Amino acid sequence: MDLYVIDPVRIGTERLPGGRLLGWAEWGPQDGVPVLLSPGAATSRHLGFGADVLDGLGVRLISVDRPGLGASSPLPGRTFGDFVDDVRAFAGQRGLGRPLMVGNSQGAPFALACAAAGAVRALAVVSGADEVAEPGFADALPEELRRLVDLAVADPAAAEQVFAGFTPQGMWDMVMSGSPECDLAVYQQPAFAAAYRRALDEAFAQGAAGYARDTVLAMGRWGIGLSDIAVPVDLWYGEKDTGHSPDQGIRLASRIPGAVRHLVPGAGGAVLWTHSEQVLSTLLGRVARR
C-alpha cells in the first residue's frame with residue numbers, strides 16, 4: 001500500500017503579533033524548500049501529504065492551522081486578509097522568506113488570497129474549492145448547496161450558525177458517502193483513516209466555530225483579486241472529482257493570469273495524496289525557471 005501520510009516530524013506553535021498562537025506541523029528536511037500547506041475543510045495541521053517524496057525533492061512541508069482550528073487561537077469575524085497577515089508574520093518569524101504554497105480543498109481560497117497579495121512565490125491549488133457563489137455557477141449547483149451558498153452570501157452570521165452544528169463524525173460521514181471508489185481506496189486505508197480522523201478531531205477541539213467561519217468565507221463571495229495574481233498558479237483536479245468545483249476548475253483557471261489547469265485521469269478528490277510528487281515537482285519547477 002502506498003505511503004500517503006506519516007506523523008509530523010516537527011510540531012509546535014508560533015506566537016503571532018497581538019498574542020494569538022498559530023499551530024504548525026512540518027515534514028521533510030529542515031533545510032528544504034519551504035512549502036506551506038493550507039489544509040482542507042475541518043482538518044488540522046496533523047494531516048500532511050507526500051510522505052514518501054519530500055526528502056527526495058528537498059521540500060520542507062509546513063501545514064498551518066487556521067484560526068480556531070487545531071492549535072491556532074480563534075479570531076472571530078476573520079477574513080481572507082487576516083489569513084494573509086498571519087502567513088506573512090509566520091513566514092517572517094520562522095525565516096521562510098516568501099514560501100511556496102499548496103491550497104487543498106477548502107484551504108484553496110485562503111491560499112489564493114496569499115497569492116493575490118504576493119505573500120507566496122508560487123501556488124498549487126489541489127482539488128480546490130471553487131467560488132461557488134460566483135453568479136456563473138447559479139444553475140450548476142445542487143439545490144441544497146445552492147440554498148447554503150445563498151444563505152452564506154445574504155446572511156453570513158446565520159450560515160455560520162448552520163455550519164457550527166457540524167462534528168468530526170459528521171464530516172467523516174459526509175466525505176465517505178460522497179467520494180468515488182478511487183478516493184475511498186485512499187481515505188479508508190488504515191493509516192490514512194487514522195490520521196484523517198485525528199486531524200478532524202483536532203480541528204474541532206475548540207468547537208466548530210473555526211470550521212464554520214472557514215466555510216462561510218469559502219461559500220460566500222471571496223472578494224479576492226484573482227485577476228491581480230502575478231505568481232505562477234497550477235490547478236489540479238481529478239477527472240472523477242465532482243464535488244470541489246462545478247466545472248473542475250475551468251472558470252477558476254480563466255480568472256487567474258497564466259494559471260495552468262491539470263485534469264488528472266482516473267483520479268478523484270484525493271489528488272493531493274495520489275499525485276504528491278507530480279504536484280510538488282511542478283510547483284518547484286515554477287520557481288526554478290523564474
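Fair warning: this is a prediction, and the values are worked out from it, not measured in the lab. Here, residue 1 is the first one in the sequence, and each next residue gets the next number.
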Sorted by first residue and then second, give each ring pair (Phe, Tyr, Trp, His ring centres under 6.0 Å) pair with at least one member in [range]; sequence neighbours left out.
range: residues 111-134; value: none
range: residues 115-150; value: none
range: residues 146-186; value: F166-Y211, W172-Y196

Partners meeting ring-ring contact (aromatic ring centres under 6.0 Å, His included) with [X] (sequence neighbours left out):
X: F49; value: none
X: W27; value: none
X: H275; value: none

In the structure I gave you, are the side-chain heavy atoms of [X] and [Y] within less than 4.5 Å of one another anywhere?
X: L272; Y: W236; result: no
X: F83; Y: R78; result: no
X: S38; Y: M101; result: yes

Practice item. Report the residues that fulfil salt bridge (charged side-chain N to carboxylate O under 4.0 Å, His left out) with R20, sequence neighbours left out, ordered by chain and then residue number. Key: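 Per chain and number, R20 pairs via salt bridge (charged side-chain N to carboxylate O under 4.0 Å, His left out) with D86.
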Exercise for review: Go through the structure and list residues passing salt bridge (charged side-chain N to carboxylate O under 4.0 Å, His left out) with E134, not counting sequence neighbours.
Suggested key: R251
Pairs flagged by salt bridge (charged side-chain N to carboxylate O under 4.0 Å, His left out) wherever [range] is involved - sequence neighbours left out:
range: residues 93-114; result: E14-R94, E26-R94
range: residues 161-181; result: none
range: residues 231-249; result: D234-R286

Check your understanding: If only atom types and distance count, is the side chain of R60 paired as donor or acceptor with the main-chain N or O of G32 below 3.5 Å?
Key -> no
Practice item. Give a yes or no answer on whether the side chain of S281 reaches the backbone of E277 with a donor-acceptor pair at less than 3.5 Å. Key: yes
Practice item. State, without any angle test, whether D130 and S245 hold a side-chain donor-acceptor pair at a distance under 3.5 Å. Key: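 Checked: D130/S245 side chains pair up, N/O donor to acceptor below 3.5 Å.
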Review point. Would you say the side-chain atoms of Q93 and R15 include a donor-acceptor pair closer than 3.5 Å?
Key: no
Check your understanding: Can you list every pair that meets side chain to side chain donor-acceptor pair (under 3.5 Å) and has a residue in residues 217-228, with sequence neighbours left out?
Key -> E131-R221
**Study point:** Heavy-atom pair with the smallest gap, counting every atom of L112 and I224
**Key:**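 Result for this residue pair: O-CG2, 4.0 Å.
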